Amino acid sequence: MVNELYPYIVEFEEEAESPGLETHRKRKRSGNSDSIERDAAQEAESSTGLEPGSDSSQCSVPLKKGKDAPTKKESLGHWSQGLKISMQDPKMQVYKDEQVVVIKDKYPKARYHWLVLPWASVSSLKAVTGEHLELLKHMHTVGEKMIADFAGSSKLRFRLGYHAIPSMSHVHLHVISQDFDSPCLKNKKHWNSFNTEYFLESQAVIEMVQHAGRVSVRDGMPELLKLPLRCHECQQLLPSIPQLKEHLRRHWPK
DNA sequence: GTTCTAGAAC
DNA sequence: GTTCTAGAAC
């Protein structure tokens with residue numbers, strides 16, 4: 001029944017339907033039934049709350065086999081558009097007001113990890129102008145309210161900020177606790193995106209917009225993601241992600 | 001963004 | 001032999 005909602009996925013995967021003599025491992029790469037179920041379940045998770053009729057291209061395309069059947073997932077189904085879908089899903093919304101909505105990050109990189117998104121369509125920091133100043137301030141204020149309301153009694157430190165080069169469309173403010181205690185934190189890119197200058201402090205972004213009317217991002221951001229792993233609390237270098245995660249435990253509040 | 005895995009690192 | 005990372009694929 002889940003698959004009925006996602007004709008694209010079925011269409012897209014069906015050509016690879018014969019695992020046959022080859023190993024499942026090999027076939028999975030090109031999409032066997034295992035990955036159909038996984039993808040469909042994952043996609044469904046973030047879009048089952050869409051209001052009926054709110055997006056016919058996503059929900060109501062009949063499953064048709066033929067020349068005009070899509071052979072690939074289309075733009076709305078692309079992973080980079082996931083926030084737009086999630087933010088509309090009432091089950092994902094932790095807070096909302098007239099200007100913004102807050103959702104939990106689907107793959108949290110710490111014990112607390114929210115995303116604050118404006119209802120207004122602002123594609124990225126590149127599109128931000130002086131007209132967005134009050135919106136950015138409000139996003140920050142709401143982020144602080146999330147901390148106060150849901151982690152006020154914890155001893156955790158928080159940071160609020162933006163990724164210099166986000167993967168997902170639509171401006172989103174990260175509100176993340178500094179334990180980085182999460183199974184979803186898995187690699188160097190994850191770490192460095194929150195613990196180098198790749199992470200742009202919300203306050204600094206606000207001040208940039210105040211003084212320059214836009215957000216300027218320095219060159220060399222992709223390289224920051226490849227820097228050696230360094231503890232954000234004591235600056236110690238760690239040789240691997242597992243060792244970093246073990247090290248971080250010593251900084252957790254008691 | 002995530003998953004998956006070849007092959008590097010240990 | 002096992003762990004871990006990096007890059008392709010999605």
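Chain A is the first sequence line, chain B the second, and so forth, proteins listed ahead of strands; every chain is numbered from 1. The model shown is predicted, which means the values in this text are computed figures rather than measured ones.
- For DNA chain B, the neighbouring residues in residues 176-198 of chain A, judged by any heavy atom under 4.0 Å, are A/Lys186, A/His190.
- A straight line from CD1 of A/Ile241 to C1' of C/dT3 spans 13 Å, rounded to a whole angstrom.
- In this structure, A/Lys245 atom NZ and C/dT3 atom P are separated by 16 Å, rounded to whole Å.
- As judged by a 4.0 angstrom heavy-atom cut-off over every strand, A/Ser80 is placed among residues making no nucleic acid contact.
- Protein atom CG of A/Leu117 is 13 Å distant from nucleotide atom P of B/dG1, rounded to whole Å.
- Straight-line distance from the CG atom of A/Leu225 to the C1' atom of C/dG7: 14 Å, rounded to whole Å.
- Proximity of A/His78 to the phosphate of B/dG1: no side-chain N or O atom is located under 4.0 Å from OP1 or OP2.
- Closest to the side chain of A/Trp79, from the set C/dT5, B/dG1, C/dG7, is B/dG1.
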**CA sep, side-chain torsions, deciding dist, call: A/Phe194, A/His113, ring-ring contact (aromatic ring centres under 6.0 Å, His included)** = CA-CA 12 Å; A/Phe194 288 101; A/His113 187 179; 5.4 Å; yes
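- Of the possible polar contacts, one joining the A/Trp191 side chain to the A/Arg230 backbone as a donor-acceptor pair under 3.5 Å is found.
- Here A/Leu83 lies out of heavy-atom contact (under 4.0 Å) with every strand.
- The CG atom of A/Asp105 sits 8.5 Å away from atom CE of A/Met168, with the distance rounded to the nearest 0.5 Å.
- Here A/Tyr107 and A/His190 keep their ring centres 6.0 angstrom or further from each other.
- The six-membered or imidazole ring of A/Tyr112 lies near that of A/Phe158, with a centre-to-centre distance under 6.0 Å.
- For the residue pair A/Glu144 / A/His140, a side-chain donor-acceptor distance below 3.5 Å is found, with atom types taken as modelled.
- Taking atom CG of residue A/Leu238 and atom P of nucleotide C/dT5, one finds them 11 Å apart after rounding to whole Å.
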